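Since the structure comes first, as structure tokens, the remarks are kept for the end.
Keep in mind it's a predicted model, so treat the numbers as computed, not measured. We're numbering straight along the sequence, starting at 1.
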Amino acid sequence: MLYLQPLLALAVGVVFIPQAVLVPILQGFINQRVKTKITVMRHLSEEMVDHDSSLKASQHQAARVQRLFATNVSIYRLKYSLNFLMNLMIQLGYAGIFALGGYYVVTGKTEIGTVVAFVAGLNKVSDPWGALVDWYRDLKVTQVKYDLIRDASTISPSELQDLGRRDEGP
């Protein structure tokens, strides 16, 4: 395609460049919110296990539930915004191919088959690209979860000594 019509190939490439920049940035924001969500859920579950039925504790729990809900909503807003931007870029790519390709066809610089080939090529590339972005997003969220588990399970040397002293008994 690059050999056939370099400018049309550039139009297809321009579709993916903003996505390659936006996806890591927005995913970073999503990761921060996922970390907050998991932390709030941990505190919420700790309070449930402690089962403090005082009015202050129940108000505190209600505030945590509200924060959890707000965090979930912000995660979904970011995810759907990212999906919207990716779909918009793909559609703008089609519009660019049709506009530039139509101009080339009218001026006799190319044939309609070339434009159809570019549209088909963009269609063939957009599905694997979407799958790659989904994989990247899942990977980053999983890394955040793993880091939180690793950090929670890490015991400092002083804590380990304290555990050893407790196990030795009096």
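- Counting heavy atoms from C-beta on, the side chains of Tyr80 and Ile75 never come closer than 4.5 Å.
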Could you go step by step and tell me if Tyr104 and Val115 meet the side-chain contact (heavy atoms from CB on, under 4.5 Å) rule? CA-CA 9 Å; Tyr104 279 171; Val115 176; 6.0 Å; no
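- Counted within 6.0 Å of CD on Gln143, heavy atoms from surrounding residues, nucleotides or ligands total more than 12; the atom is thus considered enclosed.
- Checking Lys35 against Gln32 by side-chain atom types alone, no donor-acceptor pair falls below 3.5 Å.
- Here the shortest heavy-atom pairing between Leu26 and Leu82 reads CD1-CD1, 3.6 Å.
- Side-chain contact check for Phe118 versus Thr110: every heavy-atom pair is 4.5 Å or farther apart.
- With rounding to the nearest 0.5 angstrom, the CG atom of Asn83 is 11.0 Å from the CG atom of Leu78.
- Transitive grouping of hydrophobic side chains (ILVMFWY, heavy atoms separated by less than 4.5 Å) keeps Leu44 and Phe69 in distinct clusters.
- Neither Phe84 nor Tyr76 shares a network with the other; the hydrophobic side chains, linked directly or stepwise wherever heavy atoms of I, L, V, M, F, W or Y lie under 4.5 Å apart, form separate groups for each.
- Side chains of Arg33 and Ser74: a donor on one and an acceptor on the other come within 3.5 Å.
- For the residue pair Met41 and Leu68, the shortest heavy atom distance occurs at CG-CD1, 3.4 Å.
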Applying side-chain contact (heavy atoms from CB on, under 4.5 Å), run through Leu148 and Arg42 and close with a yes or a no. CA-CA 11 Å; Leu148 288 171; Arg42 283 182 183 171; 3.6 Å; yes
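- The two residues His43 and Arg64 make their nearest non-hydrogen contact at O-NH1, 3.3 Å.
- Criterion: ILVMFWY side-chain heavy atoms under 4.5 Å apart, direct or through other members. Under it, Ile25 and Trp129 are part of a common hydrophobic cluster.
- Residues Val40 and Ile149 fall into different hydrophobic clusters, defined by Ile, Leu, Val, Met, Phe, Trp and Tyr side chains chained together at heavy-atom separations under 4.5 Å.
- Side-chain contact between Gln19 and Leu22: absent, with no pair of heavy atoms (C-beta onward) separated by less than 4.5 Å.
- The cluster map of Ile, Leu, Val, Met, Phe, Trp and Tyr, joined by side-chain heavy atoms under 4.5 Å apart, puts Val105 and Leu10 in the same cluster.
- In this structure, Val141 and Lys145 have side chains that are in contact, with non-hydrogen atoms separated by less than 4.5 Å.
- Gln91 is not listed as a side-chain neighbour of Leu88, based on a closest heavy-atom distance of 4.5 Å or more.
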Any chance you could lay out the side-chain contact (heavy atoms from CB on, under 4.5 Å) test for Val133 and Met86, step after step, and finish with the verdict? CA-CA 10 Å; Val133 168; Met86 288 179 60; 3.7 Å; yes
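- In terms of heavy atoms, Ser126 sits closest to Tyr94 at OG-OH, 4.4 Å.
- In this structure, Leu122 CG and Ile97 CD1 are separated by 4.5 Å, a value rounded to the nearest 0.5 Å.
- Using a 3.5 Å distance cut-off with no hydrogens or angles, the side chains of Gln27 and Asn31 do pair a donor with an acceptor.
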